[in-house]
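A short write-up of the structure that comes next.
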Amino acid sequence: MSCDRVNVVNSPHGNGTREEEDFKSKTLLRMDSLNMESGTVHGHTHLPSRDTKDWYVILQLAFQSIGVVYGDIGTSPLYVFSSTFTDGVKDNDDILGVLSLIFYTLTLIPLFKYVFIVLKANDNGDGGTFALYSLICRYAKVGLIPSQQAEDREVSNFRLELPSSRSLQRASKLKSKMEKSNFVKFFLLFATMLGTSMVIGDGVLTPCISVLSAVNGIKEATDSMTEDKIVWISVAILVCLFMVQRFGTDKVGYSFAPIISVWFAFIGGIGVYNFIKFDPTVVKAINPKYIIDYFTRNKKQAWISLGGVVLAITDSWENAGTEALFADVGHFTVRSIQVSMCTVTYPALILAYTGQASFLRKHHEDFHDLFFRSIPHGLYWPMFVVAVSASIIASQAMISGTFSIIQQSLSLGCFPRVKIVHTSAKYEGQVYIPEVNYLLMLACVGVTIGFKTTTKIGNAYGIAVVFVMTLTSSFMVLVMIMIWKTHILLVISYVVVIGSIELLYLSSVLYKFDQGGYLPLAFALVLMVIMYIWNSVYRRKYYYELDNKISPEMMKELAASTNINRIPGLAIFYSELVHGIPPIFKHYMANVPALHSTLIFVSIKSLPISKVPVEERFLFRRVDPDDFYVFRCVVRYGYTDVRFEEEPFERLLVERLKEFIREGMMMIPTLTPSNGDTVSVELQEGLIYNENENEDTTRIEEGSRCQESVDKDIEKVDRAAHAGIVHLIGETEVIAEKGSGFGKKVLINICYNILKRNLRQTDKVFDIPHKRLLKVGMIYEL
């Protein structure tokens with residue numbers, strides 16, 4: 001492990017005391033954490049998550065969240081009853097049983113589970129499968145890429161606010177077992193990729209079922225409208241929807257909240273009208289006895305019908321890091337979403353389903369197109385327009401969500417390189433991925449033409465949603481035990497109540513596998529295969545570079561070599577390796593014995609948090625010897641951060657390098673003895689700092705020499721930057737090493753390389769100017 005000696009020119013503790021003045025002159029031995037595993041850093045506070053007490057702001061945010069979060073669940077009344085009673089109503093009390101199921105499902109899953117429990121497990125404002133996985137990775141070392149650093153824990157968003165005294169022993173045991181088990185690490189990553197794949201599958205099905213359900217209402221206005229015409233109108237709307245994605249959702253986002261609010265007002269008001277006019281006695285459905293009676297009468301058919309009931313909670317709850325309830329807490333705050341759910345969405349949905357049940361009790365024959373047939377005649381066309389608008393908004397949320405999820409997968413090395421376009425300077429979470437957009441459009445058009453009816457699409461739709469719901473509950477159990485340290489009885493209660501309900505629904509939707517349920521599983525399987533291939537080779541490449549990185553001794557030999565010519569300019573050498581200098585640099589020097597006057601090795605690293613503040617993004621180290629002017633820099637991003645677009649990246653990099661030289665301060669990882677106990681701060685200071693007494697005059701002279709050295713280094717960097725900045729990118733080709741098995745050869749030589757050849761190259765992803773780009777090729781035998 002390499003050591004650098006650094007002169008500290010500013011006290012990290014403030015100023016004003018004699019001890020702090022003495023601190024300025026002490027020599028610090030720094031263990032280079034860019035070559036070591038992560039330790040534990042103490043003494044850094046976690047910035048509080050966004051939560052405002054201003055009720056005016058909360059109500060404003062609650063109104064805005066209505067248009068962004070609830071579009072999908074809000075449009076569920078379009079198709080829930082028709083998907084549940086696929087063969088008609090056999091008994092009048094069956095309607096009460098289904099209404100009771102809908103009521104308790106809405107109450108227990110979206111309201112109780114998500115709004116009051118899962119929503120609190122957000123990752124600095126972002127939610128979903130990735131947020132839960134990142135929380136677990138930050139608490140326990142269960143990531144598969146060994147890129148952790150002690151300094152990562154100093155990022156303000158990284159530290160978790162943990163309970164101090166409850167159930168520590170149980171949490172520690174579980175954490176220890178997970179960290180020691182490679183199976184658990186692989187399983188957690190597999191489960192995260194599975195959940196991601198399922199939500200992307202949901203992103204295909206949501207636009208299909210929402211738009212098709214809304215357009216289906218035209219049949220009530222005219223007899224000439226056939227099923228085929230409805231399908232092609234829906235396809236036209238879907239194509240237009242995908243074609244405008246490149247303009248960004250912020251252009252039309254301002255109208256989302258008013259439209260969805262009008263939608264909720266309409267369905268709630270019509271629900272009250274139907275409830276009073278047709279059958280107020282459906283209020284009896286609040287009694288869960290009708291659920292038992294429903295299952296007693298219908299047995300297997302009742303269980304199968306749960307696949308239709310679950311559509312009442314199909315929405316964007318699971319969307320990781322996008323515009324959805326659990327997915328964009330950061331823009332709306334937990335309190336604002338709780339307010340909008342409890343005061344608008346939940347009451348409107350309950351009233352809508354209650355009114356539909358009242359109408360259906362008197363009109364059994366209208367089960368197939370219940371939503372539009374239950375609308376009073378004078379409100380039909382206004383309701384139709386609002387329904388189509390709401391369905392488009394619901395589709396938009398899921399499409400945007402799919403883009404965000406793929407962006408997060410890309411940041412964790414789980415998805416092939418694609419172009420990420422940030423469509424809004426005001427809303428940082430809004431992204432657009434051209435390749436994925438057109439693939440989604442083709443998939444949606446294919447599903448709409450192939451399935452034609454909402455009933456068939458509904459069979460496919462439920463599987464993706466319930467799978468991810470169950471996965472979220474599993475991750476939540478880990479969060480409760482390890483991070484929140486919840487009492488074990490409450491954890492057991494959560495598993496018994498919520499887990500049993502979700503498993504019951506999962507068993508029902510899986511029964512319809514051959515009736516369309518295979519579709520999301522097929523989508524997930526294809527995506528899982530792609531993600532597994534890419535992630536597997538990505539990890540192998542990283543370990544290869546880690547095992548073959550250039551040692552400090554070799555760098556000193558290069559610095560002393562007389563065969564190397566230094567040329568004016570600043571070179572930025574991109575690498576994925578965090579802990580050291582990649583082997584491709586040795587290959588470069590062997591073929592091009594010339595080096596720019598200043599060289600920065602830049603590693604782009606994703607932290608298991610949603611956002612990294614710009615001021616904490618760059619982590620520098622200086623490579624020995626100092627007069628070689630070679631630096632290593634880790635640029636840290638969260639999985640939702642905008643990359644390279646906040647301002648010109650190279651200018652920001654040079655400015656931060658000069659700040660690093662000027663300040664001369666390095667972060668110090670906590671020393672951890674072999675038994676795993678953390679050494680106290682006082683003991684660290686005694687171990688790290690050489691206590692010596694210097695006279696004031698000696699300190700002044702040392703400070704003056706240090707300042708001269710700093711000025712010289714900054715001038716050197718400025719001259720190099722003005723001479724020109726060149727970007728060096730390692731383009732590595734990977735092949736299976738000799739003697740590899742057949743499966744490994746197929747994975748690397750065929751599958752991975754096919755993906756790599758058909759996707760964007762690194763320079764296109766980073767938007768590097770071609771005139772200042774130099775690619776360095778090398779073959780890795782993995």
Open item on the list: For Leu504 and Ser507: C-alpha separation, side-chain torsions, deciding distance, then whether side-chain contact (heavy atoms from CB on, under 4.5 Å) applies.
Closed with: CA-CA 5 Å; Leu504 181 63; Ser507 66; 4.3 Å; yes

How far apart are the closest heavy atoms of [X] and [Y], and which atoms are they?
{"X": "Cys414", "Y": "Asn535", "value": "SG-ND2, 3.7 Å"}
{"X": "Leu311", "Y": "Gly307", "value": "CG-O, 3.7 Å"}
{"X": "Val98", "Y": "Phe85", "value": "CG2-CZ, 3.4 Å"}
{"X": "Pro520", "Y": "Ile463", "value": "CG-CB, 4.0 Å"}
{"X": "Gly74", "Y": "Pro77", "value": "O-CD, 3.1 Å"}
{"X": "Ile337", "Y": "Ser340", "value": "O-OG, 3.0 Å"}

Do [X] and [Y] have side chains that get closer than 4.5 Å, going by heavy atoms?
{"X": "Leu510", "Y": "Val466", "result": "no"}
{"X": "Val339", "Y": "Leu59", "result": "yes"}
{"X": "Val184", "Y": "Leu188", "result": "yes"}
{"X": "Asp293", "Y": "Asp93", "result": "no"}
{"X": "Tyr70", "Y": "Pro110", "result": "no"}
{"X": "Val479", "Y": "Tyr139", "result": "no"}
{"X": "Leu106", "Y": "Ile73", "result": "yes"}
{"X": "Ile117", "Y": "Trp484", "result": "yes"}

Task: side-chain hydrogen bond (donor to acceptor under 3.5 Å, both in side chains) pairs, two or more places apart, involving residues 175-184 - done: none

Indicate yes or no for a side-chain donor-acceptor contact from [X] to the backbone of [Y] under 3.5 Å, with no hydrogens or angles considered.
{"X": "Ser474", "Y": "Thr470", "answer": "yes"}
{"X": "Asn298", "Y": "Tyr294", "answer": "yes"}
{"X": "Ser500", "Y": "Val497", "answer": "yes"}
{"X": "Ser508", "Y": "Ile304", "answer": "yes"}

Heavy-atom count check: over 12 atoms from other residues, nucleotides or ligands less than 6.0 Å from [X] [atom1]?
{"X": "Ile286", "atom1": "CD1", "answer": "no"}
{"X": "Tyr494", "atom1": "OH", "answer": "yes"}
{"X": "Phe187", "atom1": "CZ", "answer": "no"}
{"X": "Phe112", "atom1": "CZ", "answer": "no"}

Approximate separation, where rounding is to 0.5 Å, of [X] [atom1] and [Y] [atom2]:
{"X": "Phe475", "Y": "Ile136", "atom1": "CZ", "atom2": "CD1", "answer": "5.5 Å"}
{"X": "Met480", "Y": "Ser473", "atom1": "CE", "atom2": "OG", "answer": "8.5 Å"}
{"X": "Met178", "Y": "Lys185", "atom1": "CE", "atom2": "NZ", "answer": "10.0 Å"}
{"X": "Trp55", "Y": "Leu61", "atom1": "CH2", "atom2": "CG", "answer": "11.5 Å"}
{"X": "Leu96", "Y": "Asn287", "atom1": "CG", "atom2": "CG", "answer": "10.0 Å"}
{"X": "Ile393", "Y": "Ile66", "atom1": "CD1", "atom2": "CD1", "answer": "11.5 Å"}

TODO: Return each pair, listed once, that meets salt bridge (Lys or Arg N to Asp or Glu O under 4.0 Å) where at least one residue sits in residues 339-356; pairs must be two or more places apart or across chains.
DONE: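 Found none.
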
Task: Pairs involving residues 498-508, ordered by first then second residue, that meet salt bridge (Lys or Arg N to Asp or Glu O under 4.0 Å) (sequence neighbours left out) - done: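 Listed once each, the pairs are Lys113-Glu502.
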
TODO: Start with the C-alpha gap between Leu101 and Phe295, add the side-chain angles, then the distance that decides, and say whether side-chain contact (heavy atoms from CB on, under 4.5 Å) holds.
DONE: CA-CA 11 Å; Leu101 278 169; Phe295 277 91; 4.3 Å; yes

With [X], which residues qualify under side-chain hydrogen bond (donor to acceptor under 3.5 Å, both in side chains), at least two apart?
{"X": "Asn92", "answer": "His364"}
{"X": "Tyr505", "answer": "Thr105"}
{"X": "Ser100", "answer": "none"}

Without placing hydrogens or testing angles, list every side-chain donor-acceptor pair under 3.5 Å for residues 344-355, not counting sequence neighbours.
unit_1	atom_1	unit_2	atom_2	d
Tyr346	OH	Thr107	OG1	2.6
Thr354	OG1	Ile350	O	2.6

Task: Steps toward side-chain contact (heavy atoms from CB on, under 4.5 Å) verdict (Thr281, Arg361) - done: CA-CA 10 Å; Thr281 63; Arg361 293 259 290 179; 3.6 Å; yes

Task: Chi angles and distances behind the side-chain contact (heavy atoms from CB on, under 4.5 Å) call for Leu527, Thr196 - done: CA-CA 9 Å; Leu527 288 168; Thr196 300; over 6 Å; no

Task: Lys284: partners by salt bridge (charged side-chain N to carboxylate O under 4.0 Å, His left out), with sequence neighbours left out - done: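 By the salt bridge (charged side-chain N to carboxylate O under 4.0 Å, His left out) rule, Lys284 matches no residue at all.
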
- [ ] Apply salt bridge (charged side-chain N to carboxylate O under 4.0 Å, His left out) to Asp91 and list each qualifying residue two or more places apart in sequence or on a separate chain.
- [x] none

TODO: List in chain and number order the residues that pass ring pair (Phe, Tyr, Trp, His ring centres under 6.0 Å) with Tyr511, two or more places apart in sequence or in another chain; answer none if no residue qualifies.
DONE: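 Tyr511 satisfies ring pair (Phe, Tyr, Trp, His ring centres under 6.0 Å) with Trp303 only.
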
Open item on the list: Applying ring pair (Phe, Tyr, Trp, His ring centres under 6.0 Å), can you list everything that pairs with Phe403, at least two apart in sequence or on another chain?
Closed with: Tyr432

Task: Under the side-chain contact (heavy atoms from CB on, under 4.5 Å) test, residues paired with Lys90 that sit two or more places apart - done: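 side-chain contact (heavy atoms from CB on, under 4.5 Å) check on Lys90 returns Asp87, Asp94.
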
